[in-house]
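Heads up, the thing below is written out as structure tokens.
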Amino acid sequence: MTTEIFKSAGGVISGVGSVETVGREARRLGGRKVLVITDRGIKSAGLLETVTAVLRASDLRVRVFDGIEPNPETGVVQACLEAADKAKPEVVIGLGGGSAMDVAKVTAVLLANPGPLTDYFGIDRIPAPGVPVVLIPTTAGTGSEVTNICVLTDPKRRVKVGIVSDHLLARCAILDPTLTMGMPPLLTATTGMDAMSHALESYTGSRGSVFTDTLCLKAIELIAANLRQAFANGENLAARQNLLNASCMAGMAFTNTQNALAHALAMTIGGRYHLPHGLLCAFIMPWVMEYNLLADPDKFVNIARALGENTDGLPRMEAARLAVKGIRGLLGDLGISCRLSDYDVPRHEIPTLAHEAVGTQQRLVSNNPRKVNVDDVVTILEANF
Ligand SMILES: [Fe+2]
């Protein structure tokens with residue numbers, strides 16, 4: 001019997017209107033001065049005002065840094081840290097998608113560690129806990145609110161780099177689906193497929209446990225049963241809530257397992273071509289599922305069932321292949337092409353991308369259920385170009 005370790009954020013508060021608890025949570029964590037880290041889109045959508053009003057009503061002194069951009073570069077962290085140094089917050093609040101939450105997590109840690117930031121790239125390199133963090137997602141995708149991972153873009157090397165440390169775990173995550181209602185259909189689709197890819201990669205990966213497997217299967221089921229509806233009608237609050245809960249469950253799982261080959265490819269292609277992370281995960285996922293299927297057909301049968309496919313009476317391999325069919329069908333309904341050539345990635349770059357994915361993303365590749373080398377990745381990319 002092996003020992004299984006499951007770690008997660010300090011707590012999750014979920015439900016319609018749960019954002020009203022943010023002031024109480026910040027005070028519970030000992031805060032009087034709080035820094036909210038977000039982006040200008042969240043500000044113009046009125047969500048920042050919603051949160052700061054609750055905080056001020058709780059008698060907290062509030063400062064805001066709203067300079068987060070998609071695929072945040074290391075320089076953004078520096079700018080945020082300068083703002084944090086002036087604000088001297090006792091609690092940091094991350095409000096937004098994965099970018100805002102990731103920068104909030106790493107900024108809180110840098111407030112209590114000497115740095116520089118580059119010293120912490122990699123796994124378990126942050127010496128001490130940071131300032132307590134509360135995270136409020138406004139998309140249902142990254143699961144960053146409960147993960148111990150921060151992903152940044154290194155502009156010099158044109159690669160995405162990960163910082164993994166339990167000191168990045170938030171003390172509290174607040175899941176209020178009303179904050180995700182304004183997401184347009186394409187963002188709903190790509191962030192939802194990011195969450196789906198976390199659940200799929202964590203479930204089929206080699207580091208799964210009974211805890212992570214259970215969360216992953218439920219997340220797959222919830223996303224499959226709700227993503228089309230939220231894409232078709234963003235005001236479907238029940239679908240939004242199910243997707244937000246599913247995204248969080250998938251995040252709880254993969255923070256304990258890491259993702260796998262689909263994320264290694266998404267990180268590599270995303271670092272060079274600046275495509276949205278969720279979109280990359282979406283169109284890469286079926287390629288990787290097809291490749292991985294032989295490694296654990298039984299798990300793919302379970303995925304097919306969670307996706308709502310009818311596997312009754314089918315031979316095992318036929319049932320397993322319905323998992324890939326189910327994901328391709330979902331992507332088709334969401335209008336997402338699975339051909340690499342549709343994303344302006346030149347064919348001659350395939351060998352370089354394959355080398356980089358296998359060579360620099362070992363944290364992810366090592367969790368892939370099927371062994372994979374550079375030639376395998378070239379074959380996968382060529383077959384799906
Ligand atoms: Fe992801």
Side-chain angles (χ1 to χ4, degrees), residues 9 70-72 94 96-103 105-106 123 135 137-153 159-164 168-169 173 180 183 186-205 207-208 212 215-216 219-220 222-223 227 243-289 292 327 330-331 334 336 338 343 357 360-368:
N71 300 315
S99 301
M101 291 191 285
D102 278 9
V103 174
K105 281 149 60 172
V106 80
I123 298 173
L135 296 174
T138 59
T139 63
T142 66
S144 177
E145 68 275 10
V146 287
T147 70
N148 60 356
I149 302 166
C150 165
V151 177
L152 299 170
T153 299
V159 292
K160 293 220 167 188
V161 287
I163 302 172
V164 182
L168 293 174
L169 286 169
T180 69
M183 268 195 295
L186 182 61
L187 188 62
T188 300
T190 53
T191 51
M193 285 308 301
D194 185 25
M196 176 69 94
S197 70
H198 298 154
L200 291 168
E201 295 224 273
S202 182
Y203 181 61
T204 56
R207 300 190 198 114
T212 59
L215 287 163
C216 290
I220 293 166
L222 283 172
I223 297 165
L227 187 52
L243 290 174
L244 194 54
N245 287 342
S247 159
C248 182
M249 287 177 200
M252 285 175 173
F254 88 79
T255 204
N256 288 278
T257 58
Q258 302 296 314
N259 286 302
L261 179 59
H263 270 75
L265 285 166
M267 297 271 279
T268 303
I269 300 172
R272 285 175 171 264
Y273 298 101
H274 301 290
L275 292 160
H277 173 76
L279 177 63
L280 286 155
C281 291
F283 70 75
I284 292 169
M285 202 59 237
W287 315 344
V288 170
M289 289 173 81
N292 284 343
I327 290 296
L330 177 56
L331 290 168
L334 302 174
I336 296 173
C338 295
Y343 299 99
T360 66
Q361 302 293 344
Q362 266 306 309
R363 166 174 71 88
L364 299 163
V365 171
S366 61
N367 187 43
N368 204 59

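We count ligands from 1, going down the list as the structure has it; atoms in each ligand are counted the same way.
In summary, an N, O or S atom of His277 is located under 2.8 Å from the Fe ion (ligand 1).
When you scan the N, O or S atoms of His263 for the one nearest the Fe ion (ligand 1), you land on NE2. Within Asp194, OD1 is the N, O or S atom that lies nearest to the Fe ion (ligand 1).
Between the NE2 atom of His263 and the CG atom of Leu280 there is a distance of 9.5 Å, given to the nearest 0.5 Å.
Looking only at side-chain heavy atoms (C-beta outward), Leu152 and Lys160 stay at 4.5 Å or farther from each other.
Taking the six-membered ring for Trp, Phe283 and Tyr343 have ring centres closer than 6.0 Å.
Counting only N and O atoms by type, the side chains of Asn71 and Thr153 include no donor and acceptor under 3.5 Å apart.
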